[in-house]
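Written out below as structure tokens is the structure these notes cover.
All values below come from the heavy atoms of this structure, side chains included, with hydrogens, waters and symmetry mates left out. Small disclaimer: the values here were computed from a predicted structure and weren't measured.
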Amino acid sequence: MTRLLPGKRLWFFATGTGFAPFASLLREPQTYEDYDEIIITHTCRELGELTYGRDLIDALKTDELLNEVIGDGFWKKIKYYPTTTREDSPKMGRITDLMRSGEAFTDLGVPVLSPETDRAMICGNLAFNLELKEMLESYGLNEGANSNPQQYVVEKAFLD
């Protein structure tokens, strides 16, 4: 995460198999030491496609190393926000639409993204990545690189 400036809240934005690159960061104690809050959004077409992410989040609750770092405050530190676009689920809709309407921020109990506090990582299909980049920039966040850390980055090595 050297491409990101320090911040308060870290967002992981994933579609489909784009969740996978975030798995190692979610298992890394340093992630929880660096940020007060971690928000994982995962948007898929069907409910079954969310299984990998949901199972990983559930497994984190019993991870001994993370429990040592986070303790009983796990669910205060991490928020998981899965959505579907085709199959009925508890939360329907594309994360970008839910952010535009403000519904995602209300559901999560957090303010709209701010360059002072929020950092983000994006991994999904090309259209999603481009749309989310545009949205993050409209909130005032800038894309970072190894030589120039900023408020968000796009995972380019893994696209679904």
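In this structure, the side chains of L26 and I78 come closer than 4.5 Å at one or more pairs of heavy atoms. Side chains of M99 and L132 form a contact here, defined as non-hydrogen atoms less than 4.5 Å apart. Side-chain contact check for R27 versus L60: some heavy-atom pair is nearer than 4.5 Å. Within the 4.5 Å cutoff, the side chain of P21 has heavy atoms near those of the E155 side chain. A 4.5 Å side-chain heavy-atom check between L4 and M121 finds at least one atom pair inside the cut-off. The shortest side-chain heavy-atom distance between F128 and I122 falls under the 4.5 Å cut-off.
For the atom pair CG of L56 and CZ of R54, the computed distance is 11.5 Å after rounding to the nearest 0.5 Å.
Taking the ring pair (Phe, Tyr, Trp, His ring centres under 6.0 Å) definition, one finds that F22 meets it with F12, sequence neighbours left out. Under the side chain to side chain donor-acceptor pair (under 3.5 Å) criterion, E28 pairs with no residue, sequence neighbours left out. Not counting sequence neighbours, T41 has no partner by the side chain to side chain donor-acceptor pair (under 3.5 Å) test. Checked against side chain to side chain donor-acceptor pair (under 3.5 Å), E87 has no partners two or more places apart in sequence or in another chain.
R119 places a side-chain N or O within 3.5 Å of a backbone atom of P6 that can act as its donor or acceptor partner. Between the side chain of K79 and the main chain of I40, no donor-acceptor pair closer than 3.5 Å is present. Under a 3.5 Å cut-off, the side chain of T84 and the backbone N or O of R45 do not form any donor-acceptor pair.
Other residues, nucleotides and ligands contribute more than 12 heavy atoms inside 6.0 Å of the CZ atom of R100. No more than 12 heavy atoms of other residues, nucleotides or ligands shown are found within 6.0 angstrom of CD on E134.
Ring pair Y80/H42 is tilted by interplanar angle, where 30° to 60° counts as tilted. Using the six-membered ring where Trp is involved, Y52 and F19 have ring planes that are perpendicular, over 60° apart on the 30 and 60° scheme.
Under a hydrophobic-cluster definition in which Ile, Leu, Val, Met, Phe, Trp and Tyr are linked whenever side-chain heavy atoms come within less than 4.5 Å, directly or via other members, L47 and M92 are assigned to different clusters.
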- Message: Quick one, E46 with R86, criterion salt bridge (charged side-chain N to carboxylate O under 4.0 Å, His left out). Give me CA distance, side-chain angles, the key distance, then yes/no.
- Response: CA-CA 6 Å; E46 298 177 4; R86 292 194 186 153; 5.9 Å; no
- Task: Under the side-chain contact (heavy atoms from CB on, under 4.5 Å) rule, what do E137 and Y152 come out as? Steps first, then yes or no, please.
- Result: CA-CA 9 Å; E137 289 175 9; Y152 81 89; 2.4 Å; yes
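Look at R9 and D118 and you find a salt bridge, because one of the NZ, NE, NH1 or NH2 atoms lies within 4.0 Å of a carboxylate O, short of that distance.
Between A104 and I95 the shortest heavy-atom distance is CB-CD1, 4.1 Å. Closest non-hydrogen pair, L10 versus A120, comes out as CD1-N, 4.2 Å. L50 approaches P82 most closely through the heavy-atom pair CD1-CB, 3.8 Å.
No hydrogens or angles considered: nothing links the side chains of N129 and E131 as a donor-acceptor pair under 3.5 Å. Donor-acceptor pairing under 3.5 Å is recorded for the side chains of T83 and T43.
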Under 3.5 Å, which donor-acceptor pairs do the side chains of residues 106-116 form with other protein atoms, sequence neighbours left out?
| unit_1 | atom_1 | unit_2 | atom_2 | d |
| --- | --- | --- | --- | --- |
| T106 | OG1 | G102 | O | 3.2 |
| D107 | OD2 | Y81 | OH | 2.6 |
| D107 | OD2 | K91 | NZ | 2.8 |
| S114 | OG | E116 | N | 3.2 |
| S114 | OG | E116 | OE1 | 2.6 |

Ignoring hydrogens and angles, write down the donor-acceptor pairs under 3.5 Å from the side chains of residues 138-147, residues two or more places apart or on other chains.
| unit_1 | atom_1 | unit_2 | atom_2 | d |
| --- | --- | --- | --- | --- |
| S138 | OG | M135 | O | 2.6 |
| E143 | OE1 | K133 | NZ | 2.9 |
| E143 | OE2 | K156 | NZ | 3.1 |

